[in-house]
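The next block holds one structure in the form of structure tokens; read it before the comments.
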Amino acid sequence: MVDRLANSEANHRRIMMVENAFGSAGQSLQASNRVLVGEGVLTKICRKAPKPRQFFLFNDVLVYGNIVLEKKKYNKQHILALADVQLESLDDDGELMYGWQVISPEKSFAVYAATATEKLEWMAHIQKCITDLRKKSGIDGPSAEGAAVWVPDNNAPICMVCQKTKFSAINRRHHCRKCGTVVCGACSKNKWLLPKISNKPVRICNKCFISLANPATSSMASDKGEGEATESGAAADKETAENVGAAAEEDAAAEPRISVLDPLPEPPPQCDLLSDEDLPPGDPSRLSQIQPPTDAKANGDDSSSDEESVSIAGSTVEAKGGSSDEEEDDDDEKPDAHAEPTFYPTS
């Protein structure tokens with residue numbers, strides 16, 4: 001039935017609408033025997049806070065993105081191959097109810113439905129697509145270990161490795177890409193190549209680095225193509241010190257110092273200031289014509305934002321944030337009212 005639906009006009013039209021909603025920034029979703037099974041809004045647990053995300057379930061992939069304009073425009077498209085996806089139900093925890101984890105080698109996260117019924121519907125449809133796809137492909141399970149689910153920033157006021165460093169605008173949060181914990185800079189100086197997550201070495205905590213760098217563990221990971229160690233934090237600090245030293249030498253060579261024996265440069269000649277009497281009436285340079293600057297705060301127009309920032313070594317750090325990891329945490333449109341998910345008939 002699914003194969004027959006793949007060539008139907010209704011299915012083609014639905015997929016084209018999803019493609020157009022993501023625009024040119026999204027990938028093409030046209031593929032042989034691909035069927036759109038369902039769509040709807042789920043609450044995804046992001047690094048800073050829970051966020052509404054639009055999800056599209058196909059018979060072979062799970063697609064989601066940020067909501068820019070409800071049912072019309074989305075961005076930050078993510079595509080997960082269902083053959084590698086695993087689902088794990090989550091117990092209700094206070095206000096977080098009806099949730100489950102989506103685990104895949106590329107990215108793992110928790111999502112929450114609005115009702116218990118919607119949770120059952122979503123999980124049942126996703127699991128059926130996974131089972132049918134694996135059966136058709138002749139595979140038993142995911143091809144690689146699932147990526148770690150990141151611990152939200154608010155759940156970690158201090159470093160989860162050293163248990164000492166308190167996070168602030170100065171002591172910023174970092175996430176270990178291997179285990180997902182929130183750590184400080186000192187406890188995450190090392191990087192490791194995790195091919196399923198990135199084609200470049202990514203930040204990992206000291207505990208994971210020790211585990212991966214162990215000869216036995218490293219040998220096993222090498223056989224599986226899991227990853228390769230990069231320079232340690234000590235090497236990185238040494239390189240940084242060398243760069244700073246080189247820059248200081250260049251500055252010293254470029255800017256000659258003044259000796260105490262050198263004669264001081266002569267001061268510039270003083271200019272006579274013109275008074276209002278020396279200028280014709282109406283001249284904008286007359287002091288009487290110059291208006292004092294308007295004090296926005298005095299007029300009650302304080303346009304300063306609550307989001308203060310601190311400049312550190314040429315970079316700007318949000319005083320309220322204190323986190324340096326990048327994720328799809330952009331502010332986006334919040335759905336006006338809850339809409340139930342739509343699942344299309346496939347049998």
Side-chain angles (χ1 to χ4, degrees), residues 2-3 5-6 11 14-15 18 22 26-47 50-66 74 76-91 96 98-113 118-152 175 177-180 194-199 202 224-226 327-328 341-344 346-347:
V2 172
D3 293 340
L5 288 173
N11 180 67
R14 291 168 188 154
I15 295 179
V18 177
F22 278 104
Q27 300 181 33
S28 173
L29 298 174
Q30 299 291 337
S32 176
N33 297 324
R34 176 169 289 173
V35 175
L36 179 59
V37 177
E39 58 181 283
V41 176
L42 293 171
T43 300
K44 178 178 176 290
I45 302 301
C46 299
R47 175 173 55 85
K51 298 278 187 175
R53 296 288 181 257
Q54 182 72 30
F55 281 79
F56 298 94
L57 174 62
F58 296 84
N59 61 329
D60 61 337
V61 294
L62 181 64
V63 180
Y64 69 94
N66 294 14
Y74 314 104
K76 301 250 178 125
Q77 183 191 73
H78 296 265
I79 302 177
L80 303 178
L82 285 180
D84 289 330
V85 168
Q86 302 177 75
L87 303 181
E88 290 187 8
S89 180
L90 296 173
D91 295 332
L96 296 176
Y98 321 125
W100 68 96
Q101 287 183 343
V102 177
I103 301 174
S104 75
E106 293 84 9
K107 193 174 185 65
S108 301
F109 49 86
V111 291
Y112 288 84
E118 290 184 16
K119 172 184 175 178
L120 293 176
E121 287 182 336
W122 270 106
M123 293 191 70
H125 281 89
I126 296 174
Q127 191 58 57
K128 186 178 186 305
C129 291
I130 294 173
T131 302
D132 292 346
L133 183 62
R134 289 177 181 172
K135 184 177 179 180
K136 186 176 181 180
S137 304
I139 57 178
D140 297 329
S143 61
E145 179 186 3
V149 177
W150 281 18
V151 176
H175 276 84
R177 269 57 172 181
K178 179 63 177 174
C179 66
L194 302 174
K196 288 293 184 179
I197 297 178
S198 174
N199 57 3
V202 292
K224 296 179 181 179
E226 184 69 17
E327 207 204 18
E328 65 279 3
T342 301
F343 295 102
Y344 305 106
T346 57
S347 59

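What you see is a predicted model; the values in this text were computed from it and never measured.
Closest approach of G180 and H175 over heavy atoms only: O-CD2, 3.5 Å. The two residues T43 and P50 have their closest heavy-atom pair at CG2-CB, 3.6 Å. Taking every heavy atom of both residues into account, I197 and E106 meet most closely at CG1-O, 4.2 Å. Contact record, P105 with K196: O-CB, 3.7 Å, taken as the closest heavy-atom pair. The heavy-atom pair separating P152 from C46 by the smallest distance is CB-O, 4.2 Å. The shortest non-hydrogen separation linking V61 to A81 is CG1-CA, 4.3 Å.
With rounding to the nearest 0.5 Å, the separation of OH in Y98 from CG in D91 is 13.5 Å. Between atom CD of residue Q127 and atom CH2 of residue W100 there is a gap of 12.0 Å, rounded to the nearest 0.5 Å. Summarising the geometry, atom OH belonging to Y112 is positioned 4.5 Å from atom CG belonging to L90; distances are rounded to the nearest 0.5 Å. The distance from the CD1 atom of I130 to the CD atom of Q86 is 8.5 Å, given to the nearest 0.5 Å. With values rounded to the nearest 0.5 angstrom, F58 atom CZ is found 14.0 Å from L133 atom CG. The CZ atom of R53 sits 8.0 Å away from atom NZ of K76, with the distance rounded to the nearest 0.5 Å.
Side chain of R47 to backbone of W150: no donor-acceptor contact under 3.5 angstrom is found. Without hydrogens or angle criteria, K44 side chain to K51 main chain gives no donor-acceptor distance under 3.5 Å.
Residues E118 and P341 are in side-chain contact: their nearest non-hydrogen atoms beyond the backbone lie under 4.5 Å apart. Residues L36 and L29 have side chains not in contact (no heavy-atom distance under 4.5 Å, counting atoms from C-beta outward).
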Go through the steps for F109 and L80 under the test side chain to side chain contact (heavy atoms under 4.5 Å, CB included), then give the verdict. CA-CA 12 Å; F109 49 86; L80 303 178; 3.9 Å; yes

Report the C-alpha distance between V111 and F55 in whole Å, list the side-chain angles of each, state the deciding distance to 0.1 Å, and finish with yes or no for side chain to side chain contact (heavy atoms under 4.5 Å, CB included). CA-CA 10 Å; V111 291; F55 281 79; 3.7 Å; yes

Should L62 and V85 be marked as a side chain to side chain contact (heavy atoms under 4.5 Å, CB included) after you check the CA-CA gap, both sets of side-chain angles, and the distance that decides it? CA-CA 9 Å; L62 181 64; V85 168; 5.6 Å; no

Decide side chain to side chain contact (heavy atoms under 4.5 Å, CB included) for L96 and I45; before the verdict, give the C-alpha distance in whole Å, the side-chain angles of both, and the deciding distance to 0.1 Å. CA-CA 10 Å; L96 296 176; I45 302 301; 4.1 Å; yes

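Side-chain contact check for D84 and S104: no donor-acceptor pair (N or O, by modelled atom type) lies under 3.5 Å.
Between C129 and the options D60, V35, L57, a side-chain contact (heavy atoms from CB on, under 4.5 Å) holds for only L57.
Electrostatic pairing of D132 and K136 does not count as a salt bridge here, judged by no charged N lying under 4.0 Å from a carboxylate O.
Y74 and F22 have tilted rings, their planes meeting at an angle from 30° to 60° on a 0 to 90° scale. Using cut-offs of 30° and 60° for the angle between ring planes, the F343 and W122 rings count as perpendicular.
Partners of I139 under the side chain to side chain contact (heavy atoms under 4.5 Å, CB included) rule, at least two apart in sequence or in another chain, are A83, R134, S137.
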